[in-house]
Novice: 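Sharing a structure, written as structure tokens. Questions coming.
Owing to the predicted nature of the structure, the values given are computational and were not obtained by experimental measurement.
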Amino acid sequence: MENEKESRVLTAAKTVFLRHGYRRVTMQDIADEAGISRPALYLIYPNKEQVFLAVVGDVAAKNLEFIRGDLWAYSTTESKLHLAFEIWAVEPFRIMLESPDAKDLVDCTHGFASGIMDKATAEFEALLVEILSPAVKTPVTSMAGESELQAEEIAHLLASSIHGFKESAKSIRELRTMINGLITLTIAALRTPSFEAARA
């Protein structure tokens, strides 16, 4: 019963945060949307910041769960990367574009919620490593021969690039174009003769 109530609170909080941003939302707003009293809400979460942190963590966890749940239906590294970035980057970007107070939410996510986002990003990178590992069986030597890129490093480069794309893109179409280009470059690099030789 408590888990059901907490789930209802998180759903309600996500709705009001997207509708009004973080700063304008009160604990009373969240309680009203969840259909519970404010004292009952305080029994679950001590303050609005904790509610927001829980929402951010819940959304990230569900996105990772959705990606893992659908990966089996895709057979290539390229298609799996497209799936992962569509759920992890494009869908949240779409939701933020539809929120009138998106900047407020982004500021909070990169502010006091940054610890949760860092943890979620690390988990996303670990998922990218799983996707990339079959194609990166041995470290990739750079053209200059100065360093080797392993699946973990490629995953970090991809995840970091997506973060930058989301900050600069003005539309979903532009974001998808950037992501498609990044994936195309990554797959092309994995198929270069020097990389194929390294795998041999």
Side-chain angles (χ1 to χ4, degrees), residues 10-11 13-23 52-53 55-133 135-136 140 149 151-192:
L10 291 178
T11 300
K14 179 182 175 183
T15 299
V16 294
F17 284 140
L18 287 173
R19 185 186 302 152
H20 302 298
Y22 175 79
R23 290 173 179 81
F52 188 80
L53 292 174
V55 169
V56 171
D58 184 62
V59 169
K62 284 179 177 174
N63 285 344
L64 289 168
E65 183 181 338
F66 289 151
I67 296 170
R68 290 187 184 280
D70 288 348
L71 274 181
W72 66 270
Y74 297 83
S75 59
T76 67
T77 300
E78 183 174 4
S79 61
K80 289 178 180 180
L81 288 174
H82 277 291
L83 167 71
F85 288 126
E86 184 70 23
I87 294 175
W88 184 257
V90 176
E91 183 58 19
F93 184 78
R94 180 190 66 76
I95 292 172
M96 294 300 279
L97 282 182
E98 294 173 356
S99 171
D101 288 287
K103 185 178 184 307
D104 183 25
L105 296 176
V106 170
D107 288 346
C108 292
T109 300
H110 295 312
F112 66 82
S114 61
I116 286 182
M117 280 310 301
D118 289 346
K119 180 177 180 292
T121 299
E123 291 177 10
F124 178 64
E125 286 187 19
L127 180 56
L128 291 179
V129 170
E130 292 179 28
I131 294 172
L132 291 164
S133 288
V136 189
V140 184
L149 292 178
E152 291 80 5
E153 293 162 311
I154 297 172
H156 181 65
L157 287 171
L158 291 176
S160 299
S161 298
I162 293 301
H163 177 72
F165 291 172
K166 287 168 65 178
E167 289 192 347
S168 61
K170 301 295 187 294
S171 66
I172 292 175
R173 181 176 181 179
E174 184 180 6
L175 179 60
R176 280 199 177 113
T177 298
M178 292 176 173
I179 291 173
N180 290 343
L182 180 66
I183 293 175
T184 298
L185 287 172
T186 301
I187 297 303
L190 295 178
R191 291 174 178 163
T192 57

Novice: Side-chain contact test, heavy atoms from C-beta onward, threshold under 4.5 Å: evaluate it for W88 versus L127 and give yes or no.
Specialist: no
Novice: Would you check if M96 and V106 make a side-chain contact, meaning some heavy-atom pair closer than 4.5 Å?
Specialist: yes
Novice: Distance check, rounded to the nearest 0.5 Å: I131 atom CD1 versus T77 atom OG1?
Specialist: 8.5 Å
Novice: Going from OG1 on T177 to CD on E174, what distance comes out if it is rounded to the nearest 0.5 angstrom?
Specialist: 7.5 Å
Novice: Does this structure show an ion pair linking R68 with E65, if we count only N-O contacts that are shorter than 4.0 Å?
Specialist: no
Novice: If the plane angle is over 60° it's perpendicular, under 30° parallel, otherwise tilted; pick one for Y22 and F112.
Specialist: tilted
Novice: CE of M178 to CD1 of I183: how many Å apart, nearest 0.5 Å?
Specialist: 14.0 Å
Novice: Is a salt bridge present between K80 and E130, judged by a nitrogen-to-oxygen distance below 4.0 Å?
Specialist: no
Novice: Nearest 0.5 Å, please: how far is CG in L53 from CD1 in I116?
Specialist: 4.0 Å
Novice: So L81 and I187, do their side chains get closer than 4.5 Å, heavy atoms only?
Specialist: yes
Novice: Using side-chain contact (heavy atoms from CB on, under 4.5 Å) as the criterion, point out the one residue from V59, T15, V55 that pairs with L10.
Specialist: V55
Novice: Taking all heavy atoms of K166 and all of F93, pick out the closest pair and write down the distance.
Specialist: O-CE1, 3.4 Å
Novice: If every non-hydrogen atom of V56 is compared with every non-hydrogen atom of A113, which pair is closest and at what distance?
Specialist: CG2-CB, 4.4 Å
Novice: How close do I162 and A89 get, heavy atom to heavy atom, and via which atoms?
Specialist: CG2-CB, 3.5 Å
Novice: Working to the nearest 0.5 angstrom, can you tell me the gap between L175 CG and R94 CZ?
Specialist: 12.5 Å
Novice: For residues L83 and F66, determine if any side-chain heavy atom of one lies less than 4.5 Å from a side-chain heavy atom of the other.
Specialist: no
Novice: In this structure, are over 12 heavy atoms from other groups packed under 6.0 Å from H20 atom NE2?
Specialist: yes
Novice: Quick one: pull up CG in D118 and CD in E123 and give me the separation to the nearest 0.5 Å.
Specialist: 11.5 Å
Novice: Applying side-chain contact (heavy atoms from CB on, under 4.5 Å) to N180 and H82, what does each step give before you reach the verdict?
Specialist: CA-CA 8 Å; N180 290 343; H82 277 291; 2.9 Å; yes
Novice: Could you check if a side-chain atom of E125 sits within less than 4.5 angstrom of a side-chain atom of T121, using non-hydrogen atoms only?
Specialist: yes
Novice: Could you tell me whether the side chain of F17 reaches within less than 4.5 Å of the side chain of D101, counting heavy atoms only?
Specialist: no
Novice: For F124 versus A159, what's the shortest heavy-atom pair and its separation?
Specialist: CD2-CB, 4.3 Å
Novice: List the atom of N63, the atom of P92, and the distance in Å for their closest heavy-atom pair.
Specialist: ND2-CG, 3.9 Å
Novice: So which atom in T186 and which in L158 form the shortest heavy-atom distance, rounded to 0.1 Å?
Specialist: OG1-CD2, 3.3 Å
